[in-house]
Amino acid sequence: MNKINVEEIDKKWQIFWSKRKNHFKNTNKKKKFYCLEMFPYPSGKIHMGHVRNYAIGDVIARYKMMKGFNVLHPMGWDSFGLPAENAARENNLNPKEWTKKNISTMKHQLQLLGLSIDWDLEISTCDEEYYKHQQELFIDFFKKGLVIRKETYVNWDPVEKTVLANEQVIDGRGWRSNALVERKKLYQWFFNISKFSDELLKDLELLKDWPEKVKLMQKNWIGKSLGCEINFKIANEDKFIKVFTTRPDTIFGATFLAISVDHPMCQSFKNSKDFIEFKKKCSQVGTTEEAIANAEKIGFKTDLMAQHPFLKEKKIPVYVANFILMDYGTGAIFGCPAHDQRDFDFAKKYKLEIIPVVKSENPNGETMSGAYTGDGTIINSDFLNNLTVPKAKEKIVNKIESKKIGKKRITFRLKDWGVSRQRYWGCPIPMIYLKNGKVVPVDKSELPVKLPNNIDINHKGNPLDSHPTWKKTKYKKTGESAIRETDTLDTFVDSSWYFIRFCSPKLTSKPFDEKSFSYWMPVDQYIGGVEHAILHLLYSRFFMRAIKLCNNKVKVKEPFKGLFTQGMVCHETYKDRNGKWLSPDQIQKTKEGFVSKIDSSKVKVGPSEAMSKSKKNIVDPESMIKIYGADAVRWFILSDSPPDRDVQWSTEGVSAAHKFVQRIWSLNDKILNKKDEKSDSKDEKKFLSKFNDYLFKISDLIENFHLNVAIAKIYEITNLLEDSLTKKISKKSLLESQIKFVKIVMPFAPHLSCECLSKLEGKNFYEDIQWPKGNKSLLKDQEVTLVVQVNGKKRGLIVTKKDLSEKDALMEAKKIENIKKNLKDKKIVKNIFVKNKIINFITT
RNA sequence: GCCCUCGUGGUGAAAUGGUAGACACAAAGGACUUAAAAUCCUUGCCCGCAAGGGAGUGCCAGUUCGAGUCUGGCCGAGGGCACCA
């Protein structure tokens, strides 16, 4: 028996596929399918996470092609971003060169996987040809009022004189300088995504093929809440503080007001020494929501007192508090410590009054070790007493409105999308500043605004800003000199429309061709990591709506019809005796366990975690492909776990996959070389019926992304075919089944499949391979196993033909010895019968 | 802190409310071989020779003829939190 040479067949078929550019051949074909995996950031080499993502996508793309769809399956590069600048700084390179080099390495590696990608459509977001159109879209959005400029906070490194990304702030300090990071206010560009808050929320309902959990996360992120505004009068002054609350029912529990440091009211004590100090303290807390939530709650007591709107005698103190954000609600709240945990913590710290106003049905809720936020009955609240929480809300809002001291209001948590970045390696924002203070877009005829090549990346601050000439320009309309915007766009902008560009990637005149767009969009299946569940997907949904607003030929508002989020690739972690991380190829397996290859000392095996450079638990895809072949690598990563959960990489696993590739190859050989013999019609019928059953099952499993189960069924078919070699089945049936079988294997292990098929059919078949059709009429020949229970316990089995009637089934069941035994001396009070499933006798 | 997800053998896992552990990995024993590799077969919680019986899907309750699956509470692990991509 000859062995398969995986390196050889990988190469052979990859060359074939590279010549096959069929994707755009027929856009008149009715059935289209746009299959897209999230494009990678060119960080250097591909990692197993990419392998998993693209292996899943390739199964779907190839399966759909075989099902007769016109499939668009492109690939590109999300090639702007911070790592290029860091690498450039470290190695004294140009970010562009570093990026280009990485792209070429990674493209080569992806091609080794044998993906059905149409490389003619390749795009890269750092190419002028790409970002030129992005600048055009930016200007379109600006003209529609979707781009705004406002002040917001950034992390500022006072030593490096640069804005830091959240990940560059470690324990409140800059990652390079180790200086304490400050919060600094800057004018920045924003996309007005909050304009679409309601629509983005409501339209989640349209996304039937999205995971529920992603929709839920987006829903919570948008955070629509119904509440009300209440004006609190400042005692002895003609001033009001407008607060927003979602719990107006707890108004009688209000014991203080808290406003944000950025609240206009703070103007009045901006010269106070104590306040300046307090503000400084606040500015040392990071800008992330997590940092704010975990920071110690601190307040600045003002000399203001607010009048309680329903209790004439009650005046409550006004604090400035670090946990109140100016960009949510009105930047002011009333504190009700008894029923809000943050308010509770704050009240404890500043020894403020705590008045319970909701009584829990369960008396244990009143221990006062924390705030009670559950349902209950209102107490201590005058006219609201004895009402439930929802009823009290209704009544108090009506009262507030009729007294004209406030009104109902809907608030969203979703903030506008800040897109300014003070960095070099990004798409320049096409705006210019005129001498008269006006800010205007660059004339479209002058696009692209190109990044300069000659920059000093080691210079502190933003390289575009410190470039000697780049920012000096002229305003086309008047010819006056002007200054360019030196901020570049957030890389999320690049990835918010790349899927649209793929519909007409070579078009130079505009971002996309409307005809191609309306044929291919929306993406039928989008596949990527769950870590993008909120931002990238939400921004893309916003972009689609913004583009629709600018172009009346665009009818699509949801870019991704179907979404699948895959899990991470994990690996065991290893540490040597000094606690230093070891990579999988630095260790060796012995009888006593793992030892270090370096000094033969014992290795401590840690839990399996997501592959990361820092923990060294990385396995390089290219070397795996070299050893085991592309098919085995793809096969293993798909077979071992459900695609939406984490998968553990293991050497045993990939080696087993390699053995299986070999097993299919030799099965193919055995069937080809089998001598024909007289068949037994009963054996043959049973075999064909079982085989036929799998054709339906596997289609179903692929369409529902149960790829690991689909692979388990492929193992079962292999077992069935191997078993049938020992039975009296005609060669014709075996050959026909084997041909169908290797076609089923195609989406998972395409090289092996094509090689087997070419041996079986002995001809060229490279154009269209059809997914094998099952025979529906054969399905009814299946045997089923009925479970027989007595009082819910399994006591016997009946193997019978499908759809046995209740009467016959009960009769058969009662004939079984063990059932007789269990029913002896008992009276049957009830029979449960579920067709083709179960019989359950309930006795006294 | 807030939001989301997941907990099933030694391991990865399977199971429209209906036989828990399909399929695979690892292990042990065996066959073939001078030997090894490769391949193939067998085994897999407890009691029992067997037939059969018992326990069992993170923990505690509940709904149901029947719960890994549904409901409530608890415990544990992971992801996201707006300038990483």
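Letters go in sequence order (proteins before strands), and every chain restarts at 1.
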Practice problem: Classify the nucleic acid contact of A/Asn294 as base, sugar-phosphate or nothing, counting any heavy atom under 4.0 Å across all strands shown. | Solution: base

Write down the distance separating the P atoms in B/rC59 and B/rG10, rounded off to the nearest Å. 14 Å

Contacts of A/Asp640 and A/Thr785 projected onto RNA chain B by closest heavy atom; the upstream (5') one is A/Asp640

Worksheet item: Distance between the C1' atoms of B/rG78 and B/rC83, in whole angstroms?
Response: 24 Å

Review point. Does A/Arg645 put a side-chain nitrogen or oxygen below 4.0 Å from OP1 or OP2 of B/rA14?
Key: yes

Taking only the C1' atom of each, what is the distance from B/rC2 to B/rG18 in whole angstrom?
40 Å

### Query
Should A/Lys615 and A/Glu609 count as an ion pair when the cut-off is N to O under 4.0 Å?
yes

Exercise for review: Kindly say whether, by distance alone, the side chain of A/Gln188 makes a donor-acceptor pair under 3.5 Å with the base of B/rC83?
Suggested key: yes

So the salt bridge (charged side-chain N to carboxylate O under 4.0 Å, His left out) pairs with at least one residue in residues 700-714 of chain A (sequence neighbours excluded) are A/Lys713-A/Glu716

Quiz item: With rounding to whole Å, what would you report as the distance between B/rA85 and B/rA14 at their P atoms?
Solution: 34 Å

**Study point:** Any A/Ser641 side-chain nitrogen or oxygen under 4.0 Å from OP1 or OP2 of B/rG12
**Key:** no

**Q.** B/rC32 and B/rA26, which share atom name C1', separated by this distance in whole Å
**A.** 23 Å

Phosphate-side-chain proximity, A/Asn220 and B/rC2, N/O vs OP1/OP2 below 4.0 Å = no

Original post:
A/Ile292 near the nucleic acid: base, sugar-phosphate alone, or nothing, with a heavy-atom cut-off under 4.0 Å?
Top reply: nothing

Looking only at B/rA85, B/rC25, B/rG79, the nucleotide nearest the A/Tyr41 side chain is B/rA85

- Task: Check whether more than 12 heavy atoms from other residues, nucleotides or ligands sit under 6.0 Å from atom NZ of A/Lys349, and answer yes or no.
- Result: yes

### Task
Flag the pair A/His532 / A/Val214 as yes when at least one side-chain heavy-atom distance between them is below 4.5 Å, and no otherwise.
no

Sugar-phosphate only, base, or nothing, as touched by A/Gly567 at under 4.0 Å among non-hydrogen atoms:
nothing

Can you tell me how the ring of A/Trp417 sits relative to the ring of A/Tyr539, calling it parallel under 30°, perpendicular over 60° and tilted otherwise?
parallel

Whole-Å distance, A/Phe660 CZ to B/rA24 P, equals 8 Å

Mind checking the P distance from B/rG58 to B/rA67? Whole angstroms is fine.
15 Å

Can you check the distance between B/rG29 and B/rA24, where both ends of the measurement are the P atom (answer in whole Å)?
22 Å

Practice prompt. Take atom P in B/rG9 and the same atom in B/rA22, then report the distance between them in whole Å.
Written response: 14 Å

Cation-pi check for A/Tyr694 against A/Lys697: NZ or CZ below 6.0 Å from the six-membered ring centre and within 45 degrees of the axis, yes or no?
yes

Per the O4'-C1'-N9-C4 / O4'-C1'-N1-C2 angle with a 90° window around 0, B/rG9 comes out syn

Between A/Tyr130 and the options A/Trp77, A/Trp497, A/Tyr498, the ring-ring contact (aromatic ring centres under 6.0 Å, His included) test singles out A/Trp497

In B/S/- notation (B base, S sugar-phosphate only, - none; protein heavy atoms under 4.0 Å), nucleotides 39-55 of chain B written 5' to 3' is S------------SSSS

Point to revise | Sugar-phosphate, base or nothing in reach of A/Pro40, heavy atoms under 4.0 Å | key: nothing

Closest to the 5' end of RNA chain B, once A/Pro642 and A/Tyr715 are matched to their nearest nucleotides, is A/Pro642

Next item on the list: Over 60° means perpendicular and under 30° means parallel, so classify the ring planes of A/Phe564 and A/Phe705, tilted if in between.
Entry: parallel

ask   = For the residue pair A/Tyr372 and A/His339, does the interplanar ring angle fall in the parallel (under 30°), tilted (30 to 60°) or perpendicular (over 60°) class?
value = perpendicular

- request: May I ask you to decide if the ring planes of A/Phe748 and A/Trp635 are parallel, tilted or perpendicular, using 30° and 60° as cut-offs?
  value: perpendicular

What N/O pairs connect the protein and nucleotides 65-76 of chain B at under 3.5 Å? Give each pair on its own line.
unit_1: B/rC65; atom_1: O2; unit_2: A/Asn840; atom_2: ND2; d: 2.6

